[in-house]
Amino acid sequence: MPILKIPYRDYPKEGLFKKLYRENIYKIEEFKEEFKYYEYTPIEKIIIDEHNLVPFIFFSPEGINYLMPKIIEGLNNHDIATNLEEFIVGISTEENIIHALNLLEKYELLILKSHLEKILFGDSSKLTLQIGEYYLFRSIEYLEELINGT
């Protein structure tokens with residue numbers, strides 16, 4: 001089943017972003033264009049790249065879940081966006097990312113894990129250096145724990 005056709009992945013009722021950031025006048029001003037991009041672009045057209053960098057800590061867990069197909073798609077590139085690097089580092093440490101991962105089905109976790117393994121063990125040595133082997137291993141181990149239910 002293609003990951004973009006997952007039936008339960010609806011636009012979050014509370015919005016993509018945590019209110020803490022979405023209602024902060026300084027963050028609104030700083031990330032105005034990025035907020036508009038993510039909130040008003042259909043998911044099929046969203047591209048997570050260096051042009052719309054919003055830290056994943058700004059997103060609600062439901063917002064991350066909604067964007068997960070695009071996150072996984074973005075991890076396929078050899079030159080991933082900075083916020084995707086931060087996403088990988090935050091897999092086992094950031095509360096909203098951890099919560100979002102708990103919303104995923106086992107097969108989705110397996111897909112995400114396989115993409116991280118491809119980065120670590122594939123031909124992406126530059127990317128592995130940028131993120132760090134430690135963070136990739138830690139994130140893969142965490143996903144393995146979720147997959148195994150431990």
Side-chain angles (χ1 to χ4, degrees), residues 1-22 27 31 34-35 37-150:
M1 170 168 19
I3 198 141
L4 281 173
K5 298 201 186 242
I6 296 169
Y8 68 86
R9 192 167 266 115
D10 295 324
Y11 191 89
K13 289 182 177 106
E14 301 293 318
L16 292 177
F17 300 98
K18 292 180 182 177
K19 288 184 188 214
L20 169 73
Y21 299 104
R22 195 60 182 107
K27 297 296 180 196
F31 292 97
E34 290 85 353
F35 286 158
Y37 175 77
Y38 283 106
E39 291 174 332
Y40 297 108
T41 304
I43 189 158
E44 298 83 17
K45 296 184 189 236
I46 288 177
I47 299 171
I48 299 177
D49 59 13
E50 295 294 336
H51 299 293
N52 297 291
L53 290 176
V54 177
F56 277 98
I57 61 168
F58 285 24
F59 289 91
S60 66
E62 295 79 13
I64 293 172
N65 181 46
Y66 174 74
L67 290 172
M68 192 57 67
K70 291 304 189 167
I71 292 168
I72 290 172
E73 186 179 283
L75 294 175
N76 275 330
N77 300 325
H78 286 288
D79 187 27
I80 66 172
T82 303
N83 58 348
L84 286 175
E85 291 177 20
E86 292 170 359
F87 173 83
I88 293 169
V89 170
I91 282 177
S92 64
T93 59
E94 293 294 333
E95 184 179 324
N96 63 328
I97 295 174
I98 291 169
H99 184 182
L101 293 174
N102 284 304
L103 298 172
L104 298 179
E105 299 289 333
K106 186 175 183 175
Y107 79 94
E108 295 172 299
L109 292 168
L110 286 165
I111 292 169
L112 182 56
K113 180 179 167 253
S114 72
H115 284 288
L116 295 184
E117 288 173 336
K118 184 176 147 194
I119 291 170
L120 181 61
F121 301 117
D123 57 357
S124 306
S125 58
K126 176 185 167 209
L127 193 51
T128 301
L129 285 173
Q130 283 175 243
I131 298 168
E133 284 183 7
Y134 170 78
Y135 293 110
L136 284 163
F137 274 116
R138 188 173 75 180
S139 296
I140 291 167
E141 286 174 357
Y142 184 76
L143 290 171
E144 187 69 35
E145 288 173 15
L146 286 176
I147 290 164
N148 293 326
T150 57

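Note that this is a predicted model, so its numbers are computed, not measured.
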Could you tell me if the side chain of [Y] sits less than 4.5 Å from the side chain of [X], heavy atoms only?
{"X": "E62", "Y": "D10", "answer": "no"}
{"X": "R22", "Y": "F35", "answer": "yes"}
{"X": "V54", "Y": "F17", "answer": "yes"}
{"X": "Y38", "Y": "I48", "answer": "yes"}
{"X": "P12", "Y": "L16", "answer": "yes"}
{"X": "N52", "Y": "I46", "answer": "no"}

[X] side chain vs [Y] backbone, donor-acceptor pair below 3.5 Å:
{"X": "T128", "Y": "I119", "answer": "yes"}
{"X": "N102", "Y": "I98", "answer": "yes"}
{"X": "S114", "Y": "I111", "answer": "yes"}
{"X": "N96", "Y": "F59", "answer": "yes"}

Going from [atom1] on [X] to [atom2] on [Y], what distance comes out if it is rounded to the nearest 0.5 angstrom?
{"X": "L67", "Y": "S60", "atom1": "CG", "atom2": "OG", "result": "9.0 Å"}
{"X": "L146", "Y": "E108", "atom1": "CG", "atom2": "CD", "result": "12.5 Å"}
{"X": "H99", "Y": "I97", "atom1": "NE2", "atom2": "CD1", "result": "13.0 Å"}
{"X": "E86", "Y": "L84", "atom1": "CD", "atom2": "CG", "result": "9.5 Å"}
{"X": "H115", "Y": "I80", "atom1": "NE2", "atom2": "CD1", "result": "11.5 Å"}
{"X": "L112", "Y": "Y107", "atom1": "CG", "atom2": "OH", "result": "13.0 Å"}

If you compare all heavy atoms of [X] against all heavy atoms of [Y], which two are closest, and at what distance to 0.1 Å?
{"X": "D49", "Y": "L53", "answer": "O-CD2, 3.5 Å"}
{"X": "K27", "Y": "F58", "answer": "CD-CZ, 3.8 Å"}
{"X": "E34", "Y": "H51", "answer": "OE2-O, 4.3 Å"}
{"X": "A100", "Y": "P61", "answer": "CB-O, 3.4 Å"}
{"X": "Y21", "Y": "I57", "answer": "CE1-O, 3.3 Å"}
{"X": "S139", "Y": "I91", "answer": "OG-CB, 3.6 Å"}

Which residues pass the side chain to side chain contact (heavy atoms under 4.5 Å, CB included) test with [X], sequence neighbours left out?
{"X": "F137", "result": "L120, F121, E133"}
{"X": "K13", "result": "none"}
{"X": "Y135", "result": "V89, I131, R138"}

Restricting to side-chain hydrogen bond (donor to acceptor under 3.5 Å, both in side chains), what partner residues turn up for K113, sequence neighbours left out? E117, E144
Please list, chain by chain and in numerical order, all residues satisfying side-chain hydrogen bond (donor to acceptor under 3.5 Å, both in side chains) with E50, sequence neighbours excluded. T82
Apply the test side-chain contact (heavy atoms from CB on, under 4.5 Å) to residues I72 and M68: give CA-CA distance (whole Å), side-chain angles for both, the deciding distance (0.1 Å), then the verdict. CA-CA 6 Å; I72 290 172; M68 192 57 67; 4.0 Å; yes
Where do Q130 and E85 land on the side-chain contact (heavy atoms from CB on, under 4.5 Å) test, with the steps shown first? CA-CA 8 Å; Q130 283 175 243; E85 291 177 20; 2.6 Å; yes
Taking atom CD1 of I47 as the centre, report whether more than 12 heavy atoms of other residues, nucleotides or ligands fall under 6.0 Å from it. no
More than 12 foreign heavy atoms under 6.0 Å from CD of E39: is that the case here? yes
Taking it one step at a time, do L103 and I64 satisfy side-chain contact (heavy atoms from CB on, under 4.5 Å)? CA-CA 10 Å; L103 298 172; I64 293 172; over 6 Å; no
Taken in chain and number order and not counting sequence neighbours, the residues that satisfy ring pair (Phe, Tyr, Trp, His ring centres under 6.0 Å) with Y142 are none
